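Worksheet for the structure shown next.
Bear in mind the structure is a predicted one, so any value in this text is a computation, not a measurement. Residue indices begin at 1 and follow the sequence shown. For ligands, and for the atoms within them, numbers begin at 1 and follow the listed sequence.
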Amino acid sequence: MQHFISVHDVTDIDALVQEGLRHKQSPFAFEHLGKHKTIGLLFFNQSLRTRLSTQRAAQNLGMNTMALNVGQDSWGLELEEGVVMDGNNAEHVKEAAAVMGKYCDILAVRAFAGLQDREKDYAETVMTQFKKYAGVPIVNLESATRHPLQSLADCITIEEYKTTARPKVVLTWAPHFKALPQAVANSFCEWMNRRDVEFVVTHPEGYELSPDYVGNAKVIYNQDEAFAGADFIYAKNWSSYQNYGQVLTRDASWMITKQKMELTNNGKFMHCLPVRRNMKVTDEVLDSEQSIVIEQAGNRVWSAQAVLKRILEGLG
Ligand SMILES: NCCC[C@H](NC(=O)CCC(=O)O)C(=O)O
Ligand SMILES: NC(=O)OP(=O)(O)O
């Protein structure tokens, strides 16, 4: 594997899921693979899980790690080409990416959607620019449109907890007062569409995700109907794709409650975290046996470790 930007960089998801599960069993089996290799983690946005789990994964593989909060620890980065740099950003990504590529063998980048300009966000400028100028493999730590390390951890978690060969997995929109990106939901769709699951997406009208990511997934606008017989409920808020970046409703009837979970087949509750309690999901559900959010977050280490191992093998 050269870069890990999206599901399209993976030739065999099942093999990668199994790889992750093997790392979970034997975290230090490849502790020499990353010796004398350095990963740089760049954050344009906040993070808890991604920052710590990716560092932990790299360390388990014997790598050195460096993390940088762009714009806070370092200079603000200009991403547009050909502009007069008379604003707040002191350094262009052309130099910054190339320089960091001299210090690091792998660069991992988090840069959320701005949610102002759909065309710009969906062009994935930051990932594209880093890929173009860094000269080293790039790992996506959640970009404008995708969060593949999360999706791989989600696949690993579903593999561990499924009780039938072909579980029913429901991605449900849940209310939030802020405008959040579509990245986690988009990415989850892309990965689920390639897994052996019955995949259903449910959300209020106006929250349709980009068809490029939803693909052939079944979309049901009635949340109760969608929940019927589900083995996994994956909750996430996202802002509108059509009315780009808008919050169209905060309808509390979409919050995940115990009553809704009772419609499922004793389904497991999943969320990528962080989650707003009693906004998206009740305490009762989050604190119940059905919630596997902590185990899911724990699997972020094994997801990152599987990906970094594949990239390290390609470095030679
Ligand atoms: N990486 C996991 C989710 C990150 C981000 N959530 C957030 O920004 C939540 C912020 C808040 O609840 O204030 C998102 O939805 O893409
Ligand atoms: N799920 C996730 O990516 O969490 P952080 O935003 O805390 O990294």
Open item on the list: Check whether Phe30 forms a cation-pi arrangement with Lys309 (NZ or CZ under 6.0 Å from the six-membered ring centre, at most 45° off the ring normal).
Closed with: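 Ring-cation test returns yes.
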Examine Arg118 relative to Tyr241 and say whether NZ or CZ is less than 6.0 Å from the centre of the six-membered ring and inside a 45° cone about the ring axis.
->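 The answer is yes, since Arg118 meets both limits relative to Tyr241.
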In the single-linkage hydrophobic clustering (I, L, V, M, F, W, Y; side-chain heavy atoms under 4.5 Å), do [X] and [Y] co-cluster?
X      : Y      : result
Leu41  : Ile5   : no
Tyr133 : Ile106 : no
Leu79  : Phe112 : no

How would you list, by chain and number, the residues with a heavy atom under 4.0 angstrom from ligand 2?
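Ligand 2 is contacted, at a heavy-atom distance under 4.0 Å, by Ser47, Leu48, Arg49, Thr50, Arg110, His147, Gln150, Cys272, Leu273, Arg300.
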Review point. Heavy-atom distance under 4.5 Å between the side chains of Trp238 and Leu171, does that happen here?
Key: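 A side-chain contact under 4.5 Å exists here.
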Establish, yes or no, whether a centroid distance under 6.0 Å links the rings of Phe199 and Phe232.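 No, too far apart.
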Notebook entry, point to check: Taking the six-membered ring for Trp, are the ring centroids of Tyr221 and His203 within less than 6.0 Å of each other?
Noted result: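 Ring centres of His203 and Tyr221 closer than 6.0 Å.
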- Side chains of Asn69 and Arg51: is there a donor and an acceptor less than 3.5 Å apart?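 Short answer, yes.
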Could you give the N/O to N/O pairs under 3.5 Å linking ligand 1 and the protein, each with its distance?
residue: ligand 1; atom: 1 (N); partner: Arg110; partner atom: NH2; Å: 3.4
residue: ligand 1; atom: 1 (N); partner: Glu142; partner atom: OE1; Å: 2.6
residue: ligand 1; atom: 12 (O); partner: His176; partner atom: NE2; Å: 2.8
residue: ligand 1; atom: 12 (O); partner: Arg276; partner atom: NE; Å: 2.9
residue: ligand 1; atom: 12 (O); partner: Arg276; partner atom: NH2; Å: 3.4
residue: ligand 1; atom: 13 (O); partner: Lys178; partner atom: NZ; Å: 2.7
residue: ligand 1; atom: 13 (O); partner: Arg276; partner atom: NH2; Å: 2.4
residue: ligand 1; atom: 15 (O); partner: Lys236; partner atom: NZ; Å: 2.6
residue: ligand 1; atom: 16 (O); partner: Glu142; partner atom: OE2; Å: 2.7

